[in-house]
Amino acid sequence: MEFCRIAPDVRLGQNVRIYAFVNLYGCTIGDNTKVGAFVEIQKNADIGKNVKISSHTFICEGVTIEDEAFIGHHVSFINDKYPRATTPGGELQRDEDWQVVRTRVKRGASIGTGSTILCGVTIGENAVVGAGSVVTRDVPDNTVVAGNPARLLRKLVSA
């Protein structure tokens with residue numbers, strides 16, 4: 001895996017495919033998952049089985065992506081509601097100076113290219129997030145949302 005940085009604390013399942021210029025540390029990635037080029041997955045992120053993560057995506061600490069989810073190109077997750085570079089005293093923040101806000105993408109969900117997922121939300125099972133959306137609140141199971149902020153467009157018909 002030339003041009004990849006995979007830290008020794010990464011837990012990879014069977015048949016995980018990782019492409020060039022990927023940075024992984026402290027995360028878990030399940031069986032048969034595909035990680036595209038130019039992806040970063042940070043510590044304490046948990047990626048399920050049979051997930052497809054497209055290129056140029058950023059998955060930060062505190063994100064859980066369940067089995068069979070699709071993450072489009074250039075999707076960004078956020079894990080801090082009030083990000084700051086420094087403490088009130090002017091020092092650079094350390095891990096103990098802020099709190100991770102967790103995000104969950106449920107089984108079979110699809111997130112379109114260029115979307116931003118704010119922290120503290122759950123994207124429902126089999127839900128679809130349209131390209132370029134900004135998800136600011138929970139997305140129900142089996143629905144389609146899109147826009148900025150993402151709004152419900154319709155419910156999906158059960159198969």
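Note that the structure is predicted; figures quoted are calculated from it, not measured.
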If we ignore hydrogens and angles and just use 3.5 Å, is the side chain of [X] paired with the main-chain N or O of [Y] as donor and acceptor?
X: T57; Y: G72; answer: yes
X: T136; Y: A150; answer: no
X: S54; Y: I71; answer: yes
X: S133; Y: G147; answer: yes
X: N50; Y: E68; answer: no

Listed partners of [X] passing salt bridge (charged side-chain N to carboxylate O under 4.0 Å, His left out), at least two apart:
X: R94; result: E96, D97
X: R104; result: E66
X: D67; result: R107

Heavy atoms only: give me the nearest [X]-[Y] pair and the separation to one decimal.
X: V139; Y: A127; value: CG1-CB, 3.7 Å
X: L156; Y: R154; value: CD2-NH1, 3.6 Å
X: G30; Y: T33; value: O-OG1, 3.2 Å
X: C4; Y: A20; value: SG-CA, 4.0 Å
X: G112; Y: S115; value: O-OG, 2.9 Å
X: A146; Y: G130; value: CB-CA, 4.2 Å

Who passes side chain to side chain contact (heavy atoms under 4.5 Å, CB included) against [X], sequence neighbours left out?
X: Q99; value: none
X: V10; value: I6, A7, L12, L24, C27
X: P140; value: T143
X: N15; value: N32

*Going by heavy atoms in the side chains, are I53 and I41 under 4.5 Å from each other?*
yes
_N79 vs V101 side-chain heavy atoms within contact, under 4.5 Å_ = no
*Give me the other members of the hydrophobic cluster that V134 sits in, counting Ile, Leu, Val, Met, Phe, Trp and Tyr linked by side-chain heavy atoms under 4.5 Å, directly or via other members.*
I78, L118
*Report the hydrophobic cluster partners of W98, with the cluster defined as I, L, V, M, F, W, Y residues connected by side-chain heavy atoms closer than 4.5 angstrom, directly or transitively.*
V100
Drop me the distance from [X]'s [atom1] to [Y]'s [atom2], to the nearest 0.5 angstrom.
X: I59; Y: T103; atom1: CD1; atom2: OG1; result: 11.0 Å
X: T28; Y: R11; atom1: OG1; atom2: CZ; result: 3.0 Å
X: N44; Y: Y25; atom1: CG; atom2: OH; result: 10.0 Å

*asked:* Under the ring-ring contact (aromatic ring centres under 6.0 Å, His included) definition, can you give me all pairs with a residue in residues 52-93, not counting sequence neighbours?
replied: F38-H56
*asked:* Going by side-chain hydrogen bond (donor to acceptor under 3.5 Å, both in side chains), name the residues that satisfy it together with R17, two or more places apart in sequence or in a different chain.
replied: none
*asked:* Under the salt bridge (charged side-chain N to carboxylate O under 4.0 Å, His left out) definition, can you give me all pairs with a residue in residues 31-56, not counting sequence neighbours?
replied: K43-D95
*Picking from I123, T122, I65, what satisfies side chain to side chain contact (heavy atoms under 4.5 Å, CB included) with K106?*
T122
